[in-house]
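Have a look at the structure below before the remarks.
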Amino acid sequence: MADHEQAADRGDTPSEGTHTRSEDPPDVEHELKQVQRTWRRRQLRRLVVVVGLLATVVYTATWLGFDLGYLWEHRGNLQSVLLEEMLVPSELLAEFQGDGPALGWAAIETLAIAAVGTAIGLPLAFCLGVLAAGNVTPRPVHGPLRLLLGTIRAVPSMVYALLFVILAGLGPVAGVLAIAMGTIGDLGRLFADEMEEIDPRPVEAVMSTGAGLLATTWAARRPQVTTAYVAWTLFYLELNARKSSVLGIVGAGGIGYPLIMAFNARNYTRVMAAILIILVLVVAVEAVATLLRDALDADRRAARD
């Protein structure tokens, strides 16, 4: 009894002492070690992944026959062609004076192929892209359309050009059809993705008035994606200008045809002239597209203000 009273006076009964020890704060040093171990394991996993990727790249490059030593030993071949044939100012000037008009018309044809192909593919890309959005149509509709767009996108434009050469013969028509197919597949997918990111509240508000799918899409969905759709279209016009510059290699018109003919004839001065014209063409298209995008952004900001 006396022992119990003495313990009570000290305030450390067995039950109270046990309860106090269970509420002791956690060991900070122990937690720090756990965090360090977790961090080290994470870093080790990342290192293993990076090393694995590097090893895969090296093995694949070796399998493909990529040999830096061989390339270095034969660097003189490229240097001689560049310095002695392709980059000789006097010969380039003579080439432009002789074949400049022909190459210029080929460049104009290339730009026309890109523009007309984009214009033909754009309406179909818009329709398929809207219908392929999961927030516009039910799964039985947007699922197969997504698959269709993926199938179209899986075929490169060069392969389409080969197929349409069989249909339309040699010339720019095959190139236009090839660009149109690529535009449908790529822009359709981008349009569908943009449509799925819109704010659903305006759509719900319009649907509450009893509007149908077409009216709701035009009134509530279209305004939210117009700017993005225009920007993507301009960007893809730039890509199509690049694509159409090489479709002539398979006979689909444009500046690619004189380019491949010059390569086959080993006329590297004419090759360089064609490359310079392609460079000017692509840079000009990009500059115009950038100006149009900037003007569109300025109009949109002015409308908000």
Side-chain angles (χ1 to χ4, degrees), residues 56-57 60-61 63-66 103 106-133 142-194 228-229 231-264 271 274-275 277-286 289:
T56 302
V57 170
T60 305
W63 175 68
L64 293 173
F66 189 84
L103 293 176
I108 294 174
E109 186 178 72
T110 298
L111 182 60
I113 290 172
V116 175
T118 304
I120 292 175
L122 181 59
L124 289 173
F126 176 79
C127 295
L128 293 176
V130 171
L131 294 175
H142 73 253
L145 287 178
R146 282 271 185 174
L147 180 61
L148 174 62
L149 291 174
T151 303
I152 295 174
R153 292 173 58 247
V155 181
S157 296
M158 194 70 73
V159 176
Y160 279 126
L162 287 169
L163 294 175
F164 288 125
V165 162
I166 300 174
L167 172 66
L170 297 174
V173 176
V176 168
L177 294 175
I179 292 296
M181 290 298 294
T183 301
I184 293 171
D186 291 339
L187 275 185
R189 170 61 186 276
L190 292 171
F191 287 172
D193 291 343
E194 288 288 346
Y229 279 16
W232 279 120
T233 301
L234 293 174
F235 175 72
Y236 208 75
L237 179 61
E238 301 173 18
L239 294 180
N240 283 342
R242 296 187 183 95
K243 292 180 181 179
S244 58
S245 65
V246 296
L247 291 181
I249 293 176
V250 296
I255 199 170
Y257 182 75
L259 179 64
I260 192 62
M261 289 297 101
F263 263 115
N264 292 337
V271 169
I275 291 174
I277 290 179
I278 292 173
L279 177 63
V280 172
L281 173 67
V282 171
V283 170
V285 171
E286 289 184 356

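Starting from 1, each residue takes its place in the sequence as its number. Scope of the values below: all heavy atoms of this structure, side chains included, with no hydrogens, waters or symmetry mates.
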Stepwise side chain to side chain contact (heavy atoms under 4.5 Å, CB included) test for I179 and F164: CA-CA 11 Å; I179 292 296; F164 288 125; over 6 Å; no
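- In this structure, CD1 in I184 is found 11.0 Å from OG1 in T118, a value given to the nearest 0.5 Å.
- Within the model, atoms CG of L281 and CG of L103 stand 12.0 Å from one another, a figure rounded to the nearest 0.5 Å.
- Within the 4.5 Å cutoff, the side chain of L239 has no heavy atoms near those of the D186 side chain.
- The closest donor-acceptor contact from the side chain of T110 to the backbone of I255 lies under 3.5 Å.
- The two residues A178 and L247 come nearest to each other via the heavy atoms CB-CD1, 4.3 Å.
- Listed by chain and number, the residues in a salt bridge (Lys or Arg N to Asp or Glu O under 4.0 Å) with E238 are R293 (sequence neighbours excluded).
- Looking at every heavy atom in both residues, A168 comes nearest to A174 through CB-N, 4.3 Å.
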Candidate pair L131 and H142, rule side chain to side chain contact (heavy atoms under 4.5 Å, CB included), full reasoning: CA-CA 6 Å; L131 294 175; H142 73 253; over 6 Å; no
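- Smallest separation of non-hydrogen atoms from K243 and S157: CD-OG, 3.6 Å.
- Residue L122 comes nearest to T183 through the heavy atom pair N-CG2, 4.1 Å, listed as atom of the first residue, atom of the second, then distance.
- In this structure, the separation between CG on L187 and OH on Y229 is 10.0 Å, given to the nearest 0.5 Å.
- The environment of Y257 atom OH is sparse: at most 12 non-hydrogen atoms of other residues, nucleotides or ligands sit within 6.0 angstrom.
- Contact detail for F191 and T233: the closest heavy-atom pair is CZ-OG1, 3.7 Å.
- For the atom pair CG of L111 and OG of S245, the computed distance is 11.0 Å after rounding to the nearest 0.5 Å.
- Contact detail for E109 and P172: the closest heavy-atom pair is OE2-CG, 3.7 Å.
- For the salt bridge (Lys or Arg N to Asp or Glu O under 4.0 Å) test, residues two or more places apart in sequence or in another chain that qualify with R146 are D193, E196.
- Using modelled atom types, one side-chain atom of Y160 and one backbone atom of I152 make a donor-acceptor pair closer than 3.5 Å.
- The CD1 atom of I120 sits 6.5 Å away from atom CG of L177, with the distance rounded to the nearest 0.5 Å.
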